[in-house]
Amino acid sequence: MQTSALDSESSCIYEWQWSGQAVQVAYSRWGQGTPVLLLPAFSTVSSRHEWQDAAQTLAAEGYEVTCIDWPGFGDSSRPALDYSPVLFEAFLPDFVRSCFERPINVVAAGHSAGFALQLAHQLPRQVLKLILVAPTWRGPLPTMGVPKQIARGVEQLVRSPVIGQALYFLNTRPSFLQWMYRRHVFTEPQRLTPTFMREKYETTQQKGARFGPAAFVTGGLDPVTNRGAFLQLFQDLKAPCLILASADGPPKSKAEMEAIAQLPHIRLQMHPGSLGLHEEYGNEVGEIIRSFLAE
């Protein structure tokens, strides 16, 4: 274990095996106390550091906060695996069993919501409370209405050695990343400083970086195939659940959050922001999480 420069954050590696291949999963810890696991949103720039402000807020209030980089994303290794829901459904309970000795609270952003819900069903005694921030279940291309076969073809094209690398290069230019953030991730453009965007760009440039994001963008990481199946994941939950919905999110994503709000046993709270509200308003989100956990 080594200590980084990020306010006494301890950076660690979890060694995991999948399909006979070693996968190094990066994670960080802050503070001491009741365990909280923070799961970053899936995206081309997915990173545990998007939770940094919320993590430090919680750590200051007496929680032991753990943030992971998903296999194939962030600072975790990025082998050319077949990234699919099955992989992440297996990874998350393995990580929890290996890295926590006590029951935990789980907080998931964006597309990671489905895997957090599945974890709560897989390990009901291990999950105390569940907080889902701007939860989604469809990748970008399916949300745009791209047919499944075409989306799958795009994924395979991006995975290819030459054309795939060129396509990935075009979709990770700093200008494109900034456009993406302005369009549906952040609501306050002044937060997109040159330093911030440079860090996001660097996240996309690791060896093998295109494989995981290609699966996410094309719907290959969708934990379910329709809204009904997603809502079904909320049925029979043992853990109390809070939905922190983005007041300014894209219309289709916001509609999914509003559908969840119709469930009688789910608590909904709206907050300004879009799909990246957990990062853009990290301190405020951390305080909302703390308040829910303290009940």
Side-chain angles (χ1 to χ4, degrees), residues 25-27 38-54 67-78 81 83-85 87-88 91-92 107-116 132-144 146 151 154-155 158-159 167-187 191-192 196-206 208-223 244 246 248-250 252-254 256-257 273-282 285:
V25 176
Y27 69 99
L38 303 180
L39 304 175
F42 286 95
S43 72
T44 304
V45 295
S46 176
S47 167
R48 69 193 189 278
H49 298 303
E50 64 200 46
W51 274 117
Q52 181 180 330
D53 288 346
C67 304
I68 67 168
D69 277 332
W70 292 107
F73 294 84
D75 293 325
S76 294
S77 60
R78 305 193 185 198
L81 297 171
Y83 291 95
S84 69
L87 183 154
F88 296 99
F91 162 74
L92 197 51
V107 186
H111 209 70
S112 64
F115 299 109
L132 308 179
V133 184
T136 62
W137 59 268
R138 284 184 302 194
L141 290 191
T143 300
M144 294 166 58
V146 176
V154 171
E155 180 185 357
V158 176
R159 288 179 64 94
L167 289 172
Y168 184 75
F169 173 84
L170 293 174
N171 281 275
T172 55
R173 294 296 84 205
S175 58
F176 181 82
L177 294 177
Q178 187 169 59
W179 175 83
M180 177 187 70
Y181 263 85
R182 287 176 176 270
R183 184 174 175 84
H184 56 240
V185 183
F186 276 20
T187 55
R191 295 177 182 261
L192 305 177
F196 179 88
M197 295 312 306
R198 182 172 62 253
E199 291 173 351
K200 295 299 178 183
Y201 171 71
E202 290 172 355
T203 300
T204 70
Q205 298 305 299
Q206 296 188 34
R210 70 187 189 278
F211 300 117
F216 162 69
V217 169
T218 58
L221 300 187
D222 294 355
L244 185 57
S246 52
D248 309 299
K252 289 185 178 180
S253 298
K254 193 173 179 181
E256 300 300 334
M257 300 176 208
S274 190
L275 298 182
L277 75 89
H278 64 291
E279 181 175 23
E280 187 173 14
Y281 302 102
V285 169

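Quick caveat, the model's predicted, so the values are computed rather than measured.
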Exercise. Of all heavy-atom pairs between Pro223 and Gly114, which one has the smallest distance, and what is that distance?
Worked result: CG-CA, 3.9 Å
For this session: For the residue pair Phe91 and Val25, establish whether any side-chain heavy-atom pair is separated by less than 4.5 Å.
Result: yes
Exercise. Are any of the side-chain nitrogens in Lys254 or Asp248 under 4.0 Å away from the carboxylate oxygens of its partner?
Worked result: no
Exercise. Within the distance-only criterion (no hydrogens, no angle test), does the side chain of Ser76 pair as donor or acceptor with the backbone N or O of Ala26 below 3.5 angstrom?
Worked result: yes
For this session: Quick one: sort the Phe186 and Phe196 rings into parallel, tilted or perpendicular, breaks at 30° and 60°.
Result: tilted
For this session: Go through the steps for Tyr281 and Thr187 under the test side-chain hydrogen bond (donor to acceptor under 3.5 Å, both in side chains), then give the verdict.
Result: CA-CA 10 Å; Tyr281 302 102; Thr187 55; 3.1 Å; yes
Problem set entry | Check: Gln206 side chain, Gly74 main-chain N or O, donor-acceptor pair, under 3.5 Å | yes
Exercise. So which heavy atom on Phe176 is nearest to which on Leu170, and how close?
Worked result: CB-O, 4.1 Å
For this session: Please tell me if the side chains of Asp75 and Tyr27 come closer than 4.5 Å, counting only heavy atoms from C-beta onward.
Result: no
Exercise. Taking it one step at a time, do Phe88 and Phe216 satisfy ring pair (Phe, Tyr, Trp, His ring centres under 6.0 Å)?
Worked result: CA-CA 12 Å; Phe88 296 99; Phe216 162 69; over 10 Å; no
Problem set entry | Test item: Ser253 side-chain N/O and Gly249 main-chain N/O as donor-acceptor pair under 3.5 Å | no
For this session: State the CE-NZ distance between Met180 and Lys200, to the nearest 0.5 angstrom.
Result: 8.5 Å
Exercise. Between Val217 and Val158, does a side-chain contact (heavy atoms from CB on, under 4.5 Å) hold up when you go through it step by step?
Worked result: CA-CA 11 Å; Val217 169; Val158 176; over 6 Å; no
Exercise. Taking NZ, NE, NH1 and NH2 as the nitrogens, is one of them in Asp69 or Arg48 under 4.0 Å from a carboxylate oxygen of the other?
Worked result: yes
For this session: Apply side-chain hydrogen bond (donor to acceptor under 3.5 Å, both in side chains) to the pair Arg191 and Tyr181, showing each step before the final yes or no.
Result: CA-CA 10 Å; Arg191 295 177 182 261; Tyr181 263 85; over 6 Å; no
For this session: Can you see which heavy atom on Ala113 is nearest to which on Pro135, and at what distance?
Result: CB-CB, 3.6 Å
For this session: Tell me, with the steps shown, if Asn171 and Thr44 meet side-chain contact (heavy atoms from CB on, under 4.5 Å).
Result: CA-CA 9 Å; Asn171 281 275; Thr44 304; over 6 Å; no
Exercise. Measuring from Leu277:CG to Leu244:CG, what's the distance to the nearest 0.5 Å?
Worked result: 5.5 Å
Exercise. Under a 4.5 Å cut-off applied to non-hydrogen side-chain atoms, are Glu256 and Thr136 in contact?
Worked result: no
Problem set entry | Exercise: identify the closest heavy-atom pair between Leu81 and Arg159 | O-NH1, 2.7 Å
For this session: Working to the nearest 0.5 Å, report the span between CD of Glu155 and CZ of Phe211.
Result: 10.5 Å
Exercise. Do any N or O atoms from the side chain of Glu279 and from the backbone of Gly276 form a donor-acceptor pair under 3.5 angstrom?
Worked result: no
Exercise. Quick one: are the ring centres of Phe42 and Phe73 less than 6.0 Å apart?
Worked result: yes
Problem set entry | Considering all heavy atoms, the nearest Leu221-Phe115 contact | O-CZ, 3.5 Å
Exercise. Which is it for Trp51 and Val133 under the side-chain contact (heavy atoms from CB on, under 4.5 Å) test, yes or no, and what are the steps along the way?
Worked result: CA-CA 11 Å; Trp51 274 117; Val133 184; 4.0 Å; yes
For this session: Mark yes or no for whether Ser112, through its side chain, and Ala41, through its backbone, hold a donor-acceptor pair below 3.5 Å.
Result: no
Exercise. How far does NE2 of His111 sit from CH2 of Trp137, to the nearest 0.5 angstrom?
Worked result: 9.0 Å
Problem set entry | Any side-chain heavy-atom pair of Val185 and Val45 under 4.5 Å | no
Exercise. Lys252 and Thr143: which non-hydrogen atoms are nearest, and at how many Å?
Worked result: NZ-O, 2.9 Å
Problem set entry | side-chain contact (heavy atoms from CB on, under 4.5 Å) evaluation trace for Glu199 with His49 | CA-CA 10 Å; Glu199 291 173 351; His49 298 303; over 6 Å; no
Problem set entry | Sidechain-backbone polar pair: Gln178 side chain, Met197 backbone, donor-acceptor under 3.5 Å | no
For this session: Hey, could you give me the CD1/CG distance between Ile68 and Leu38, rounded to the nearest 0.5 Å?
Result: 9.5 Å
Exercise. CG/Leu177 to OG/Ser43 distance, rounded to the nearest 0.5 angstrom?
Worked result: 9.0 Å
